[in-house]
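Below, read A as the first sequence line, B as the second, and so on, with proteins coming before strands; counting in each chain starts at 1. All figures in this text were calculated on a predicted structure; none of them were measured in a lab.
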Protein chains: 2
Amino acid sequence: MLSRELIVDTALRLVGQQGAEALTVRRLGTALGADPSAVYRYFHSTDDLLLAIAEELIARAQDGWQATGNWRADLREIGLRIHAGYRAHPQAALLAAHRTTGRTHEIAAVEAILGILRTAGFPDREAVRIYHAFVDQSLGFAVLDAAALALPAAAQSADQRVWHASYARLDAGTHPHIAATAHLLAADMGRSAYQFALDLLLDAAEARLAAAR
Amino acid sequence: MLSRELIVDTALRLVGQQGAEALTVRRLGTALGADPSAVYRYFHSTDDLLLAIAEELIARAQDGWQATGNWRADLREIGLRIHAGYRAHPQAALLAAHRTTGRTHEIAAVEAILGILRTAGFPDREAVRIYHAFVDQSLGFAVLDAAALALPAAAQSADQRVWHASYARLDAGTHPHIAATAHLLAADMGRSAYQFALDLLLDAAEARLAAAR
DNA sequence: TGTACTACGTCAATTGCGTTGTCCTACGCT
DNA sequence: AGCGTAGGACAACGCAATTGACGTAGTACA
């Protein structure tokens with residue numbers, strides 16, 4: 001017996017194991033032990049299914065979150081949760097992160113973030129702008145980092161080697177700035193820049209809030 | 001008589017005119033007045049073709065850029081160029097934005113950005129961190145916005161409609177913050193948040209530079 | 001001049017995809 | 001008992017990427 005939940009869970013597992021290109025109605029049907037067309041009893045189209053997957057990722061990211069009342073800490077926590085949640089399912093994140101679902105869990109997240117900003121004292125117009133920048137920045141980094149994680153292991157280490165090989169060996173005469181910072185670059189580019197970028201965004205938001213008062 | 005250049009140019013024109021979903025070997029063949037399979041005489045696969053398109057994009061984005069000496073203005077200009085360049089060709093951006101090529105155009109960009117930051121007075125470690133956050137933020141937003149543009153027209157307008165339909169009709173009792181800002185949300189979510197996010201990042205960087213002195 | 005080779009394009013076929021319409025079967029309701 | 005419906009199977013359509021066999025023109029070379 002199939003169900004929307006079972007199909008979404010199977011799809012996430014399928015994509016996690018076999019990569020993004022495995023998410024087809026036909027392979028999904030095989031994984032479910034059912035005919036591909038059976039999926040259409042529960043989802044209007046593959047796009048509909050994709051939105052359900054996106055919604056599930058949002059739900060998992062928000063699960064168990066509690067506001068502390070400190071707007072900066074709360075926003076930071078939500079950002080890190082979104083980023084971590086999508087990175088946990090890189091292939092699915094690549095497909096789903098840029099979709100607007102308009103469903104309950106997404107709405108709950110929007111309401112929570114807007115609430116944090118407005119309660120903190122941001123004027124409505126400013127709260128909306130910061131909300132938008134915050135969410136898209138989180139999703140953008142999530143997609144980028146997920147894409148790196150979704151690469152085959154060989155391509156992943158090749159990307160990493162570029163910083164130690166190509167960049168570290170550039171001539172100081174033609175590329176003085178890279179030459180001067182090559183060791184720092186090699187160390188930093190292996191990690192995600194999301195945390196630092198998030199703190200920069202929160203710094204800027206805090207400064208604007210102080211200036212508005 | 002076909003050629004790699006002619007095919008790449010035709011592909012870019014095709015996508016510019018008919019949208020992301022027009023980039024198929026069959027339609028490309030039709031646009032070239034040739035059999036679809038003729039493309040394979042010049043490119044090993046469609047992925048190969050897309051990489052060639054991506055290279056072309058990098059070249060075009062950098063073309064004609066000049067430093068002014070104002071670090072903030074220079075960084076802003078580079079960010080906007082990257083973002084606009086990728087957004088102009090969404091489907092290629094989706095495939096190319098997260099790859100580290102280590103080729104001449106990419107190296108030139110890295111050197112330029114690091115140079116701007118170090119010349120402005122950022123210490124090396126800080127310059128590298130800001131470089132990383134700046135680049136990944138620009139690429140992240142580019143991917144996200146490109147993905148939205150690469151959607152079929154139907155899905156695109158559906159995403160847009162969500163903000164006017166679902167969100168604008170939520171009850172003020174259960175979702176007070178969304179209800180209070182629904183009109184602002186609908187207006188803001190139709191645009192890219194990149195410019196605002198970029199300005200926030202530059203604000204924060206400027207504050208850190210001032211604090212370090 | 002004749003031969004062989006290569007570059008370039010066409011043609012036909014294979015495989016996989018999303019999606020749809022039709023059929024079958026089991027179950028709950030009156 | 002009869003019947004509607006939910007849930008699944010099956011077959012088919014059209015579009016996609018890709019491939020290998022085939023034709024054709026030009027070109028190098030003996």
Nucleotide N/O of nucleotides 26-29 of chain C paired with protein N/O under 3.5 Å:
none

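- Ring-plane geometry between A:H83 and A:Y194 is classed as parallel, the angle between the planes falling under 30 degrees on a 0 to 90 degree scale with a further cut at 60.
- Pairs engaging residues 52-68 of chain B under the side-chain hydrogen bond (donor to acceptor under 3.5 Å, both in side chains) rule: B:E55-B:R103, B:E56-B:R60, B:T68-B:D74 [sequence neighbours left out].
- A side-chain donor from one of B:D136 and B:H132 sits under 3.5 Å from a side-chain acceptor of the other.
- A cation-pi geometry, defined here as NZ or CZ lying under 6.0 Å from the six-membered ring centre and within 45° of its normal, holds between A:R129 and B:F196.
- A donor-acceptor pair shorter than 3.5 Å can be found between the side chains of B:D35 and B:S37.
- Rounded to a whole Å, the CG atom of A:L28 is 14 Å from the C1' atom of C:dC17.
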Do nucleotides 7-22 of chain D as a string where each nucleotide becomes B, S or -: B if the base has a protein heavy atom under 4.0 Å, S if just the sugar-phosphate does, - if no protein is that close.
BBBB-----BBBB-B-
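- Between B:D199 and B:R76 a salt bridge is recorded (basic side-chain N to carboxylate O distance below 4.0 Å).
- Side-chain contact between A:E111 and B:P176 is present, with heavy atoms from C-beta onward closer than 4.5 Å.
- For the pair A:D48 CG and C:dT20 P, the interatomic distance rounds to 12 Å; values are reported in whole Å.
- B:T181 and A:D124 form no side-chain donor-acceptor contact under 3.5 Å, judged by distance and modelled atom types alone.
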